Asker: 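Can you keep this structure in mind? I'll have questions shortly.
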Amino acid sequence: MPHTEASILSNFLLPPAPLPAALSLRKFTELFPRSHQDNPQIEVLYRYLHYQRAIQVDAVEQSIAAEVKRGEKQKQEVIKARRATEAPELSSTDVRQIRMDAELFGPSLNPLKSKPHDIHSIRAAIAAASEDIESELAALEGEVASVLADVKTTIGDLSDLRYGRFSNPAGARQELRQEVFEGLQRAEALCQELNGG
């Protein structure tokens with residue numbers, strides 16, 4: 001039996017889902033210092049954790065069901081898109097013939113009659129994908145180098161400020177204050193950008 005998306009997600013995300021399967025009350029109690037192991041609140045806490053775990057398992061099961069539905073919808077969209085790009089223009093007579101064949105013999109087992117790949121088409125597709133990835137990597141490396149240079153400049157400027165090495169004359173304190181503030185804002189924005197927002 002082939003594995004389905006639901007069975008794969010359920011097998012890897014749910015077992016052993018219930019708290020007693022992973023940690024018994026006795027073992028949970030042993031995690032506390034000996035002086036507190038007789039406290040009746042430990043059992044209450046364990047039951048509360050068991051309840052929270054059950055809520056999490058239910059949420060994961062709902063997410064799995066939603067993901068399966070989303071996967072089916074995507075699959076149908078791909079089939080529609082392939083049919084739209086690969087289906088020849090049919091006359092009304094052809095459409096009637098296809099419907100009659102479907103009623104007599106059942107729906108086709110292979111609704112998509114895609115062109116099979118040969119070694120040349122696969123090689124061309126892989127070469128194009130490789131070029132796309134290389135250009136994307138080059139662009140990302142350039143962006144990383146630019147961000148790194150900005151961070152190093154900001155760190156150097158802050159270091160100069162810390163040790164009193166000012167590139168501005170003594171009379172330009174307002175400009176210095178504004179530059180420091182802008183540098184800190186850039187540093188904060190870069191850090192947030194590097195951390196993913």
Side-chain angles (χ1 to χ4, degrees), residues 1-84 107 109-112 114 125-126 129-130 132-155 157-159 162 180-197:
M1 180 176 127
H3 292 289
T4 63
E5 183 178 13
S7 67
I8 292 171
L9 290 173
S10 297
N11 289 337
F12 285 102
L13 296 177
L14 294 178
L19 184 62
L23 183 67
S24 68
L25 176 59
R26 184 179 53 79
K27 287 184 180 180
F28 181 74
T29 304
E30 290 172 1
L31 294 174
F32 289 90
R34 290 194 188 275
S35 61
H36 296 289
Q37 288 182 359
D38 294 334
N39 192 331
Q41 293 298 316
I42 292 176
E43 185 174 349
V44 172
L45 178 61
Y46 181 79
R47 292 187 191 284
Y48 178 73
L49 290 175
H50 181 62
Y51 172 73
Q52 290 297 321
R53 178 72 177 216
I55 290 174
Q56 289 175 347
V57 169
D58 289 344
V60 169
E61 287 174 343
Q62 290 174 356
S63 296
I64 289 171
E67 187 61 34
V68 168
K69 286 180 183 177
R70 191 171 26 254
E72 288 296 322
K73 185 177 179 184
Q74 288 175 343
K75 189 169 148 184
Q76 291 172 357
E77 289 172 359
V78 168
I79 290 171
K80 285 180 184 177
R82 284 188 183 170
R83 283 182 181 161
L109 296 177
N110 187 7
L112 302 176
S114 61
I126 289 174
S130 176
D132 290 345
I133 290 173
E134 286 174 1
S135 65
E136 194 172 321
L137 279 174
L140 286 174
E141 286 173 354
E143 187 178 333
V144 166
S146 171
V147 168
L148 183 62
D150 286 348
V151 168
K152 285 182 178 179
T153 301
T154 303
I155 289 172
D157 291 346
L158 290 173
S159 178
R162 179 178 181 190
V180 169
F181 183 71
E182 290 172 1
L184 288 172
Q185 285 181 326
R186 280 196 319 268
E188 182 181 17
L190 288 173
C191 290
Q192 288 178 350
E193 184 178 317
L194 291 175
N195 287 331

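Since this is a predicted model, take the numbers as computed values, not measurements.
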Asker: S130 side chain to I126 main-chain N or O, any donor-acceptor pair under 3.5 Å?
Answerer: no

Asker: With rounding to the nearest 0.5 Å, note down the distance linking CZ in R47 to CD in E43.
Answerer: 4.5 Å

Asker: For E77, look at atom CD and say whether over 12 heavy atoms of other residues, nucleotides or ligands are found less than 6.0 Å away.
Answerer: yes

Asker: Would you say Y48 has more than 12 foreign heavy atoms packed within less than 6.0 Å of its OH?
Answerer: no

Asker: List the steps, then state whether side-chain contact (heavy atoms from CB on, under 4.5 Å) holds for V44 with Q41.
Answerer: CA-CA 5 Å; V44 172; Q41 293 298 316; 4.2 Å; yes

Asker: If you round to the nearest 0.5 Å, how far is CG of L49 from CD1 of I42?
Answerer: 11.5 Å

Asker: What is the distance from atom CD of Q185 to atom CD of E182, rounded to the nearest 0.5 Å?
Answerer: 7.0 Å

Asker: Side chain to side chain donor-acceptor pair (under 3.5 Å) with R34: which residues, sequence neighbours excluded?
Answerer: none

Asker: A quick test of your reading: do over 12 heavy atoms of other residues, nucleotides or ligands sit less than 6.0 Å from CD of E30?
Answerer: yes

Asker: Is it the case that the side chain of T29 and the backbone of L25 share a donor-acceptor pair, with hydrogens and angles ignored and the cut-off at 3.5 Å?
Answerer: yes

Asker: Taking side-chain contact (heavy atoms from CB on, under 4.5 Å) as the criterion, tell me which of N39, L45, D38 meets it with F32.
Answerer: L45

Asker: What distance separates H50 NE2 from L23 CG, expressed to the nearest 0.5 Å?
Answerer: 12.0 Å

Asker: Which pairs would a plain distance check flag for residues 59-69, meaning a side-chain donor or acceptor within less than 3.5 Å of a matching protein atom at least two apart in sequence or in another chain?
Answerer:
unit_1	atom_1	unit_2	atom_2	d
S63	OG	A59	O	3.0
E67	OE1	R70	NE	3.2
E67	OE1	R70	NH2	2.5

Asker: Roughly how far, to the nearest 0.5 Å, is CD of Q76 from CD of Q74?
Answerer: 11.0 Å

Asker: Roughly how far, to the nearest 0.5 Å, is the CD atom of E143 from the CG atom of L148?
Answerer: 12.5 Å

